[in-house]
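A short write-up of the structure that comes next.
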Protein chains: 2
Amino acid sequence: MNAPRRRADAAENRARILQAAREVVANAEEVRLNEIAKRAGVGQGTLYRHFPTREALLAEVYRKDVDDLVAAAPGLLAEHAPLPALARWLDRVAEYAKVKRGVFAAVEAGLWQDLSAHSLGPIGETLSTFLDAGKAEGTIRPDIDACDVILLLGYLTRLEPAEWDARAHRLLHVILDGLRHHA
Amino acid sequence: MNAPRRRADAAENRARILQAAREVVANAEEVRLNEIAKRAGVGQGTLYRHFPTREALLAEVYRKDVDDLVAAAPGLLAEHAPLPALARWLDRVAEYAKVKRGVFAAVEAGLWQDLSAHSLGPIGETLSTFLDAGKAEGTIRPDIDACDVILLLGYLTRLEPAEWDARAHRLLHVILDGLRHHA
DNA sequence: CAGCTAAGCGGACACGTGTCCACTTTATCG
DNA sequence: CGATAAAGTGGACACGTGTCCGCTTAGCTG
């Protein structure tokens, strides 16, 4: 972590790539890696060196959004019972996914890589918080974990914009009902 | 449907492509369209003319499997109440998805195209049968449709083989619980 | 300050997908 | 049977992703 050898220019390149990525994401609908590289004035090799996959890049670009989402969790848990709190939080997640479709897909994919590495990542951790609270209370079935929920939430990725309003919210409720522990 | 003009050789090409596709799917893990074209002795253009997307091709290759799945539905509905019948059918679907992962993804994607075209396709129709029976009985919530269920089922596509046994069945139950109508 | 070493660079390349269009073939019709 | 129109063909091409490797250059070392 502490200052690997040649950080000066490498870090600058990394920053430039990120900057370029933000611009491209903001302006264009399509996010093409080589375009980002060109705009940042670096070769693809450099881009891929800093961000091994497209998901890694997008995840970094939107790290702040994820942080905001994560930060909202404790407040919800303090004010509501676990299940309603989770419902509200997922509403926020879904809202976000609606606006930033492509990004959400990327984040989800990245998240999936985290899971392979036996790390839940910030989103997974947050989900676990809700789930644990619900399990302790006895309202959430004890046999599921954050990974399961993420799997189910994946539908948000595939939902066409046109179908969004009609289905997203309702399906969230279906999932929440499924998570409920029927004593 | 009845004999468009130049069917003779075109149909033969189509058959050869299908034949080649079956061989490739059976032998290789990777399914590359251009390999199929080469093996069939046709150009890519011809392949894409007959099957506009990779899903269309795969769907045709596995049409029989889908038919089998669809054919199993009436029997289940005759012997069981709607919800348990659906549970068993989804078990079969999941079982199939486990063995033929790539295929399932392709079928799902194709199915999604059907839905865009306002046609449910055979799988969608079958699901609707179960859902309608359950709604009539009052055990399935009335506000969901086949499309919703397919959306939720999408997790099967993303599930890693290693995780399969641990999660697939359980998540099926979570979904079924979510579909249940709590009066 | 000069020389060294490896971290870092960047673009050429390989690969798969899907599109396009000039050419070929075949069914029909006079 | 020969002309014709259009259905069909096939491969070249454009594009995006991701990899690879020889060259550059920053930062240490004496």
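Chain identifiers are assigned alphabetically (A, B, ...) following the order of the sequence lines, protein sequences preceding nucleic acid strands; residue numbering begins at 1 within each chain.
Using a cutoff of 4.0 Å between basic side-chain nitrogens and carboxylate oxygens, A:Arg88 and A:Asp91 are not scored as salt-bridged.
Applying the side chain to side chain donor-acceptor pair (under 3.5 Å) rule to pairs touching residues 129-139 of chain A yields A:Glu137-A:Thr139, sequence neighbours excluded. Among residues at least two apart or in separate chains, side chain to side chain donor-acceptor pair (under 3.5 Å) pairs with a member in residues 24-51 of chain A are A:Glu23-A:Arg39. Screening residues 144-155 of chain A for side chain to side chain donor-acceptor pair (under 3.5 Å), with sequence neighbours left out, gives A:Asp145-B:Arg167, A:Asp148-B:Arg167, A:Asp148-B:Arg170.
Take A:Glu12 and apply the side chain to side chain donor-acceptor pair (under 3.5 Å) test, not counting sequence neighbours, and it matches A:Arg16.
In this entry the distance linking CG of A:Leu47 with C1' of C:dC9 reads 12 Å, nearest Å. In this structure, CZ of A:Phe51 is placed 14 Å from P of C:dG8, rounded to the nearest angstrom. What separates CD of A:Glu12 from C1' of D:dT25 is a distance of 14 Å, to the nearest Å. Regarding B:Asp9, its CG atom lies at a distance of 6 Å from the P atom of C:dT26, rounded to whole Å.
Note on B:Asn13: a side-chain N or O is less than 4.0 Å away from OP1 or OP2 of D:dT9. A close approach under 4.0 Å does not occur between any side-chain nitrogen or oxygen of A:His50 and OP1 or OP2 of C:dG8.
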Distances under 3.5 Å only, N/O to N/O: pair up the protein atoms with those of nucleotides 16-23 of chain D.
unit_1	atom_1	unit_2	atom_2	d
D:dG16	OP1	A:Arg32	NH1	2.4
D:dT17	OP1	A:Arg54	NH1	2.6
D:dT17	OP2	A:Leu33	N	3.1
D:dG18	OP2	A:Tyr48	OH	3.3

Side-chain polar contacts of residues 54-67 of chain A - donor-acceptor pairs under 3.5 angstrom, sequence neighbours left out - could you list them?
unit_1	atom_1	unit_2	atom_2	d
A:Arg54	NH2	A:Val31	O	2.7
A:Glu55	OE1	A:Thr53	OG1	3.4
A:Glu60	OE1	A:Arg63	NH2	3.4
A:Glu60	OE2	A:Arg63	NE	3.3
A:Lys64	NZ	A:Asp68	OD2	3.1
A:Asp65	OD2	A:Tyr96	OH	2.7
A:Asp65	OD2	A:Lys100	NZ	3.4

